[in-house]
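Okay, so here's the structure we're looking at.
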Amino acid sequence: MQVPNEDEAPVESEVETPHIETTEEAIQFITSIEPSELQKCLFSDSLVTVSEGGRDLGEFSLTVDFASRGPQPCLLLRAVSRGTIDGTPCGTRVTAYISAAMETLEEDLHEYVQLPDHKMERRCHMVQRDDRMMVDRITTAGEEVTRQSDSYCLSAVRGLLSEGSSMLLMRVMALRRAVPETLTLPSLHQGPQLRQTTFRSLGVKHLAVGPETLEVFGVERAVEAPGEVPALWRCFFLADGHLASREQVGSPVTMRLLQLPPQLEKDAENDKPSFGTTPLVWEEDMEMHSIFLDRKEELMADHASYLQQHPELRHLLADFLQFLLIRKPDNVVHFAKEYFLPFGSQCSPETKT
């Protein structure tokens with residue numbers, strides 16, 4: 001992705017909150033989610049993206065783990081979709097920290113389409129600060145880069161959903177195998193304007209998973225704004241909450257589960273929850289990745305300062321490399337030892353001790 005000029009300030013705006021219906025049933029559903037239900041959401045899904053003709057085009061994975069963001073315990077959701085459609089590579093990555101109250105604490109979304117002559121890319125980073133949701137967007141179309149920053153008052157939009165929290169909420173619905181009749185919440189989706197997201201049950205049907213035909217429960221998610229055609233996603237889940245099928249209405253591809261996952265163990269009422277060791281994927285942890293970048297810049301500045309204070313080092317290494325390439329010795333280590341041996345005799349008595 002092309003980095004915008006540092007002098008180019010992003011477009012900042014205070015988004016006026018339109019009237020988006022938040023049903024009481026939706027708020028009651030979210031507040032009724034127990035920690036034990038979230039415990040059952042800690043697993044991974046792995047699906048294959050296929051065309052209408054059944055050809056493999058890519059893959060989709062969704063993982064939920066326990067994590068912490070600073071001192072606050074939360075859930076970490078990671079979703080990755082990548083593949084090739086009509087010969088064009090494309091993909092989406094979502095990394096979201098979500099509280100037990102289904103609030104998005106922080107989320108990073110990255111979408112791209114690699115066209116033959118240029119790349120289309122969209123990045124969206126949102127983070128909750130006090131009673132506001134701060135959102136930074138960067139859109140890249142070839143050489144053109146657009147940046148925009150917006151903020152939303154959370155007290156004015158109860159139950160605000162992000163892409164990550166929507167996925168987690170659907171997993172809870174799948175485990176309950178029930179969706180309230182009127183579950184409508186405001187959401188952020190592809191742009192600064194708030195959308196209305198509505199969930200509804202698709203009931204039970206039978207779906208082929210590998211050699212077996214299993215009963216699955218369906219949930220539909222509709223995202224719409226006034227005057228626009230709603231975007232619809234239909235997902236079907238196994239009894240243990242694993243995703244069996246996912247499709248966007250109008251898209252030529254479908255995500256399907258080809259192999260039945262291992263059956264989850266049933267939780268006994270008196271069993272204590274066990275927490276396994278979560279692999280550390282620091283590249284996808286926004287806080288650790290930020291620490292890594294800060295430390296990298298610190299070391300690079302320190303090294304550059306040292307080289308500036310000792311210009312003789314560059315000359316010394318350049319002379320050695322030139323002499324090495326002229327002689328082309330078979331034993332480079334022995335050659336280096338013989339080359340630098342005279343410099344050892346020039347050391348002061350203090351350095352020899």
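One is the number of the first residue; the rest follow in order along the sequence.
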request  = Would you check if Met173 and Leu183 make a side-chain contact, meaning some heavy-atom pair closer than 4.5 Å?
outcome  = yes

ask   = Within a reach of under 6.0 Å around CZ of Arg176, are more than 12 heavy atoms found that belong to other residues, nucleotides or ligands?
value = yes

inquiry  = Around atom CZ of Arg137, are there more than 12 heavy atoms from other residues, nucleotides or ligands closer than 6.0 Å?
reply    = yes

ask   = With no hydrogens and no angle check, is any side-chain donor or acceptor of Gln128 less than 3.5 Å from a backbone partner on Thr104?
value = yes

inquiry  = Given 3.5 Å as the limit, does a donor-acceptor pair link the side chain of Ser99 with the main chain of Cys74, or not?
reply    = no

message = Can you tell me how far apart CZ (Phe43) and CG (Leu243) are? Round to the nearest 0.5 Å.
response = 8.5 Å

Test salt bridge (charged side-chain N to carboxylate O under 4.0 Å, His left out) applied to Glu163 and Arg221, step by step = CA-CA 11 Å; Glu163 191 68 23; Arg221 171 191 171 206; 3.1 Å; yes

query = Passes salt bridge (charged side-chain N to carboxylate O under 4.0 Å, His left out), Arg158 versus Glu24? Steps please.
reply = CA-CA 10 Å; Arg158 294 191 304 163; Glu24 287 300 324; 3.0 Å; yes

key: Phe340 reachable from Phe323 in the ILVMFWY side-chain graph, under 4.5 Å edges   = yes

ask   = Just wondering, more than 12 heavy atoms not from Glu312 lying within 6.0 Å of its CD?
value = yes

request  = Would you verify whether the NZ or CZ of Arg327 falls within 45 degrees of the ring axis of Phe335 while also being under 6.0 Å from that six-membered ring's centre?
outcome  = no

query = Are Val219 and Val204 linked, directly or through other ILVMFWY residues, by side chains that come within less than 4.5 angstrom of each other?
reply = yes

request  = Is it possible for you to say whether Leu260 and Val48 belong to one hydrophobic cluster, with membership spreading through side-chain heavy-atom contacts below 4.5 Å?
outcome  = no

remark   = Output for pair (Asp131 CG, Cys153 SG), nearest 0.5 Å, gives 4.5 Å

query = Is it true that Glu59 and Arg82 make a salt bridge, defined as a side-chain N closer than 4.0 Å to a carboxylate O?
reply = yes

request  = For the pair Asp240 and Lys40, evaluate salt bridge (charged side-chain N to carboxylate O under 4.0 Å, His left out) and give the outcome as yes or no after the intermediate values.
outcome  = CA-CA 9 Å; Asp240 58 12; Lys40 295 177 182 178; over 6 Å; no

message = Quick check on side chain to side chain contact (heavy atoms under 4.5 Å, CB included): which of Leu169, Leu161, Leu168 does Ser165 satisfy it with?
response = Leu161

query = Does a sphere of radius 6.0 Å around CG in Asp302 hold more than 12 heavy atoms from other residues, nucleotides or ligands, not counting ones at 6.0 Å or beyond?
reply = yes

task = Count the heavy atoms of every other residue, nucleotide or ligand shown that sit under 6.0 Å from CG of Asp330, and state whether that count exceeds 12.
result = no

request  = For Ser51 and Arg55, indicate whether the former's side chain and the latter's backbone hold a donor-acceptor pair under 3.5 Å.
outcome  = yes

request  = Evaluate the side-chain proximity of His334 to Pro329: yes if any heavy-atom separation is below 4.5 Å, no if none is.
outcome  = no

inquiry  = Hydrophobic cluster membership, with links at side-chain heavy-atom distances under 4.5 Å among I/L/V/M/F/W/Y: are Val80 and Leu258 in one?
reply    = no

key: Arg69 vs Glu106, salt bridge (charged side-chain N to carboxylate O under 4.0 Å, His left out): CA-CA, chis, key distance, verdict   = CA-CA 9 Å; Arg69 183 177 174 273; Glu106 187 172 6; 2.9 Å; yes

request  = Using a 4.5 Å cut-off on heavy atoms from C-beta on, say whether the side chain of His125 contacts that of Ile138.
outcome  = no

request  = Kindly compute the distance separating NE2 (His242) from OG (Ser46), expressed to the nearest 0.5 Å.
outcome  = 10.0 Å

query = Hey, any chance Phe199 and Ile33 share a hydrophobic cluster, counting ILVMFWY side chains that come within less than 4.5 Å of each other, even indirectly?
reply = yes

Within the 6.0 Å centroid threshold, strictly below: Phe217 and Phe237 = no

query = Is the number of heavy atoms from other residues, nucleotides or ligands within 6.0 Å of CD (Glu228) greater than 12?
reply = yes

